[in-house]
Structures are given as structure tokens and as C-alpha cells.
Amino acid sequence: MPLYSEKVMDHFRNPRNLGSIENADGVGEAGNAVCGDIMKIYLKVDDGIITDVKFETFGCGSAIASSSMATEMIKGKSVKDALKLSNKAVTEALDGLPAHKLHCSVLAEEAVQAAVRDYCEKHGLNFEDLK
């Protein structure tokens with residue numbers, strides 16, 4: 001049995017939404033000091049809906065795949081719904097990650113939450129009200 005699923009390999013080889021957004025409405029970053037992975041998520045929001053999302057990730061293939069999948073999962077959703085994104089949902093959408101790479105999906109969840117928090121701060125919204 002291969003270590004990585006076809007979906008993980010596809011999102012690693014062909015990442016979706018790669019890049020940054022100039023003048024983003026929200027930017028969030030998450031990192032793991034142990035492995036050195038760093039994820040940055042950029043949001044463009046129109047009337048509470050994420051109309052564009054990009055990511056920059058410095059890390060392993062699982063980190064890149066998790067970032068790519070997370071951006072696909074929140075694009076077109078409300079910022080409130082984006083906060084519901086869990087590392088478990090990212091892992092399931094990728095058809096699994098090896099146990100020692102699960103932290104990559106946690107980083108994706110944390111980076112999305114940080115981007116939504118930044119969006120709230122920039123627009124005078126209460127982050128806790130969205131939870």
C-alpha cells in the first residue's frame with residue numbers, strides 16, 4: 001500500500017490556488033517549529049463570502065497538499081463556514097495522511113482560522129461571533 005493517496009499526490013504535484021493575493025482581506029499564518037512547515041493563507045472576501053483564496057507553503061508534500069485541499073474546501077463559502085473547516089475534514093478529503101503527517105492538516109486548519117481572524121480584525125468584526 002502506498003504511503004500517500006492519489007489525492008495527496010495530485011494536490012502536491014498540481015496545487016490549487018497557489019500564490020498570494022495583493023491587498024488580501026485576511027491573511028493567516030501557521031507553522032510547526034518541529035518540522036519547519038509554514039503555511040500562509042490569503043483571503044479575498046465579498047459580502048462575507050470567500051471569493052478567492054491562495055496559499056504559500058514552505059514544507060513537505062503533505063503540507064502543500066493540505067494547503068491546496070483546504071483552499072479548495074473554503075472557496076465560495078462564508079467566512080463563518082470556513083471556520084468549521086477541521087483538520088479531520090482536510091485529511092478525509094485527501095483520502096488520508098500518514099500518522100506522522102497529520103500535523104500538516106492541523107496547520108491548514110490553523111492557517112484558515114488565522115486568516116479569518118485577521119479578516120475580522122481588519123473589518124471590525126468580532127471573531128468569536130462567527131464561531
Side-chain angles (χ1 to χ4, degrees):
M1 181 171 164
L3 187 59
Y4 296 105
S5 72
E6 281 300 314
K7 280 191 183 176
V8 170
M9 295 307 296
D10 181 41
H11 277 267
F12 167 63
R13 290 184 184 124
N14 307 294
R16 282 65 152 184
N17 308 306
L18 183 62
S20 63
I21 298 175
E22 201 170 311
N23 301 316
D25 294 312
V27 180
E29 189 172 308
N32 183 310
V34 175
C35 70
D37 292 344
I38 299 172
M39 286 181 193
K40 201 168 196 176
I41 303 277
Y42 300 83
L43 302 177
K44 201 63 164 167
V45 181
D46 187 24
D47 201 25
I49 303 297
I50 298 168
T51 56
D52 196 11
V53 57
K54 302 269 188 224
F55 78 92
E56 294 176 314
T57 294
F58 176 82
C60 65
S62 294
I64 293 167
S66 293
S67 301
S68 175
M69 182 58 81
T71 60
E72 285 288 278
M73 293 174 77
I74 66 169
K75 195 174 199 174
K77 302 248 170 125
S78 69
V79 288
K80 186 172 186 157
D81 283 344
L83 280 179
K84 296 175 186 171
L85 180 76
S86 68
N87 67 298
K88 184 178 179 193
V90 172
T91 300
E92 288 174 359
L94 288 169
D95 291 337
L97 287 170
H100 67 284
K101 293 294 184 178
L102 288 174
H103 68 276
C104 295
S105 63
V106 173
L107 286 179
E109 176 185 340
E110 290 173 350
V112 167
Q113 288 182 2
V116 172
R117 182 180 296 276
D118 184 56
Y119 166 76
C120 288
E121 288 172 3
K122 287 178 177 174
H123 293 85
L125 301 171
N126 186 341
F127 178 75
E128 296 303 318
D129 288 344
L130 294 178
K131 288 182 150 188

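None of the values given here were measured: they were computed from a predicted structure.
Counting only heavy atoms from C-beta outward, the side chains of Asp10 and Arg16 approach each other to under 4.5 Å. Side chains of Arg117 and Lys122 form no contact here, defined as non-hydrogen atoms less than 4.5 Å apart. Contact check for Leu18 versus Ser68: no side-chain heavy atoms found under the 4.5 Å cut-off. Counting heavy atoms from C-beta outward, Cys60 and Cys104 have side chains that approach closer than 4.5 Å. For the pair Phe58/Lys40, no side-chain contact is recorded, criterion being any heavy-atom separation below 4.5 Å from C-beta on. A 4.5 Å side-chain heavy-atom check between Val8 and Asp95 finds every atom pair outside the cut-off. Within the 4.5 Å cutoff, no side-chain heavy atoms of Ile21 are placed close to those of Leu43.
The number of heavy-atom neighbours closer than 6.0 Å to NZ of Lys77, taken from other residues, nucleotides and ligands shown, is 12 or below. For Lys88, the NZ atom counts as loosely surrounded, since its 6.0 Å shell holds 12 or fewer non-hydrogen atoms of other residues, nucleotides or ligands. Surrounding CD of Glu128 are more than 12 heavy atoms belonging to other residues, nucleotides or ligands, all under 6.0 Å away.
Distance check, rounded to the nearest 0.5 Å: CE of Met69 to CZ of Phe55 gives 11.5 Å. Here the CD-CG distance, from Glu121 to Asn126, works out to 10.5 Å after rounding to the nearest 0.5 Å. Going from atom CG of Leu3 over to atom NZ of Lys101 covers 8.5 Å, rounded to the nearest 0.5 Å. Here CG of Asn87 is found 8.5 Å from CD of Glu110. Values are rounded to the nearest 0.5 Å. A distance of 12.0 Å separates OG of Ser67 from CD of Glu72, quoted to the nearest 0.5 Å. Note: Lys80 NZ to Ile49 CD1 = 12.0 Å, rounded to the nearest 0.5 Å.
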Let me see the working for Leu85 and Val90 under side chain to side chain contact (heavy atoms under 4.5 Å, CB included), right down to the final yes or no.
CA-CA 8 Å; Leu85 180 76; Val90 172; 3.9 Å; yes

Candidate pair Thr71 and Lys54, rule side chain to side chain contact (heavy atoms under 4.5 Å, CB included), full reasoning:
CA-CA 7 Å; Thr71 60; Lys54 302 269 188 224; over 6 Å; no

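Under a 4.0 Å N-O distance rule, the pair Asp81/Lys84 qualifies as a salt bridge.
One hydrophobic cluster holds both Ile74 and Leu83 under the rule that ILVMFWY side chains link at heavy-atom gaps under 4.5 Å. There is no path of hydrophobic side-chain contacts, each under 4.5 Å, that joins Tyr42 to Ile50. Residues Leu102 and Leu94 share a single hydrophobic cluster, defined by chaining ILVMFWY side chains whose heavy atoms lie under 4.5 Å apart. Leu125 and Ile41 fall within the same hydrophobic cluster, defined by Ile, Leu, Val, Met, Phe, Trp and Tyr side-chain heavy atoms under 4.5 Å apart, directly or through other members. The hydrophobic clustering, which links ILVMFWY residues whose side-chain heavy atoms are closer than 4.5 Å, places Tyr4 and Leu107 apart.
Judged by distance alone, with hydrogens and angles left aside, the side-chain atoms of Thr51 form a donor-acceptor pair with the main-chain N or O of Lys44 at under 3.5 Å. Checking side-chain atoms of Asp25 against main-chain N and O of Tyr119 turns up no donor-acceptor pair under 3.5 Å.
Closest non-hydrogen pair, Ala63 versus Met39, comes out as O-CE, 3.3 Å. Of all non-hydrogen atoms in Ala82 and Val112, the two that sit nearest each other are O-CG1, 3.7 Å. Closest approach of Leu97 to Ser62, counting heavy atoms only: CD2-OG, 3.9 Å. When all heavy atoms are compared, the tightest approach of Ala30 to Ala111 is CB-N, 3.7 Å. Here the closest heavy-atom approach between residue Ala93 and residue Met73 is recorded as CB-SD, 3.9 Å.
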